[in-house]
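Here it is, the structure, as structure tokens.
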Amino acid sequence: MRIAVYPGSFDPVTNGHLDVIERAALLFDQLIVAVSRNTAKKPLFTVAERVDILREVLQPYYNVLVDSFEGLTVHYARSQNAQAIIRGLRAISDFENEFMMALTNKKLVPSVDTLFLMTRAEYSFISSSAVKEVAYFGGCVQDLVPGAVEKRLHRKFNARREAGREG
């Protein structure tokens with residue numbers, strides 16, 4: 001069985017992520033979309049919320065599983081018997097860092113390859129950070145994220161606004 005891991009923070013998952021997931025799912029028998037726990041970042045959504053959102057959004061894909069992990073991605077990939085790690089690239093500026101990470105991973109676990117997939121041009125400008133900023137200021141994110149994500153973003157920011165008024 002050909003297994004790949006697509007790791008990321010997915011805070012939140014965007015249409016760019018979905019583009020990469022759709023195409024990677026066609027290349028492998030099983031694709032594991034893995035939410036990384038990064039204690040250095042301050043995410044908007046908890047790991048459990050991100051996993052839940054991804055499971056909802058990815059329901060139509062029969063060969064895609066959602067999981068979470070902590071630690072080195074390449075070690076997680078090996079623990080899942082994956083042959084590849086999928087990395088999405090939006091622009092050439094992403095490549096240098098991703099290339100160095102891929103070489104490091106190959107040195108650590110030679111049996112796991114890294115596969116780079118470019119997002120489609122229409123998604124190349126989308127980042128989770130930009131989506132959160134647009135949503136925070138009440139902008140429309142309808143074409144940037146799946147509907148389920150848009151709803152959760154509005155709920156999250158509305159709850160924060162309400163909490164700020166009460167405090």
Side-chain angles (χ1 to χ4, degrees), residues 4-25 31-61 64-77 79-80 82 85-98 100-101 105 114 116-167:
V5 171
Y6 180 36
S9 58
F10 304 108
D11 186 41
V13 62
T14 68
N15 288 343
H17 293 127
L18 288 182
D19 175 52
V20 170
I21 290 166
E22 287 173 6
R23 291 184 293 127
L31 177 65
I32 303 167
V33 177
V35 177
S36 61
R37 291 186 190 111
N38 186 342
T39 55
K41 289 186 177 182
K42 284 232 169 193
L44 177 64
F45 294 101
T46 66
V47 170
E49 287 172 321
R50 287 179 273 158
V51 166
D52 186 51
I53 292 167
L54 280 162
R55 285 188 175 138
E56 180 180 347
V57 170
L58 298 175
Q59 231 173 4
Y61 302 94
V64 176
L65 302 175
V66 179
D67 195 12
S68 65
F69 74 99
E70 194 167 356
L72 294 176
T73 300
V74 72
H75 289 165
Y76 174 77
S79 76
Q80 299 301 306
I85 295 171
I86 305 296
R87 297 301 297 170
L89 298 175
R90 289 177 300 201
I92 195 72
S93 57
D94 291 343
F95 182 74
E96 186 174 2
N97 184 48
E98 293 292 343
M100 296 306 289
M101 194 179 331
N105 286 340
T114 300
F116 297 112
L117 290 177
M118 295 294 299
T119 58
R120 293 185 181 152
E122 62 263 32
Y123 303 125
S124 63
F125 69 94
I126 301 173
S127 71
S128 294
S129 299
V131 165
K132 287 184 283 195
E133 186 170 355
V134 170
Y136 176 79
F137 288 106
C140 180
V141 295
Q142 182 178 356
D143 294 333
L144 309 178
V145 295
V149 173
E150 181 183 19
K151 288 176 188 159
R152 292 207 190 201
L153 282 166
H154 289 305
R155 264 188 283 173
K156 183 73 83 168
F157 287 128
N158 286 339
R160 285 187 172 188
R161 283 186 196 94
E162 290 300 318
R165 281 187 218 142
E166 294 171 10

Partners passing ring-ring contact (aromatic ring centres under 6.0 Å, His included) against Phe10 (at least two apart in sequence or in another chain):
Tyr6, His17
For Phe69, ring-ring contact (aromatic ring centres under 6.0 Å, His included) partners two or more places apart:
Tyr76
Closer than 4.0 angstrom, basic N to acidic O: yes or no for Arg55 and Asp67?
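A salt bridge is absent here (no side-chain N lies under 4.0 Å from a carboxylate O).
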Does CD in Glu98 sit with more than 12 non-hydrogen atoms of other residues, nucleotides or ligands closer than 6.0 Å?
yes
Residues at least two apart in sequence or cross-chain that pass ring-ring contact (aromatic ring centres under 6.0 Å, His included) with Tyr61, listed by chain then number, are none
Return the set of residues passing side chain to side chain donor-acceptor pair (under 3.5 Å) with Ser68 (not counting sequence neighbours), or none when no residue passes.
Arg37
Walk me through whether Glu70 and Ser36 qualify under side chain to side chain contact (heavy atoms under 4.5 Å, CB included).
CA-CA 6 Å; Glu70 194 167 356; Ser36 61; over 6 Å; no
By side chain to side chain donor-acceptor pair (under 3.5 Å), which residues pair with Asn105, not counting sequence neighbours?
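Per chain and number, Asn105 pairs via side chain to side chain donor-acceptor pair (under 3.5 Å) with no residue.
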Looking only at heavy atoms, which two atoms of Val141 and Val131 are closest? And how far apart?
CG1-O, 3.8 Å
Between atom OG of Ser124 and atom CG of Leu89, what is the distance when rounded to the nearest 0.5 Å?
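Answer for the OG-CG pair, Ser124 versus Leu89, is 11.5 Å.
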Shortest non-hydrogen contact from Pro7 to Thr73?
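Closest approach of Pro7 to Thr73, heavy atoms only: CG-CG2, 3.5 Å.
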Between Glu56 and Lys151, does any NZ, NE, NH1 or NH2 come within less than 4.0 Å of an OD or OE carboxylate oxygen?
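Not counted as a salt bridge, because no side-chain N and carboxylate O are separated by less than 4.0 Å.
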With sequence neighbours left out, what residues match Arg50 under salt bridge (Lys or Arg N to Asp or Glu O under 4.0 Å)?
none
Candidate pair Leu18 and Val57, rule side chain to side chain contact (heavy atoms under 4.5 Å, CB included), full reasoning
CA-CA 9 Å; Leu18 288 182; Val57 170; 3.6 Å; yes
Side chain to side chain contact (heavy atoms under 4.5 Å, CB included), that's the test. Do Phe45 and Lys156 meet it? Break it down for me.
CA-CA 8 Å; Phe45 294 101; Lys156 183 73 83 168; 3.6 Å; yes
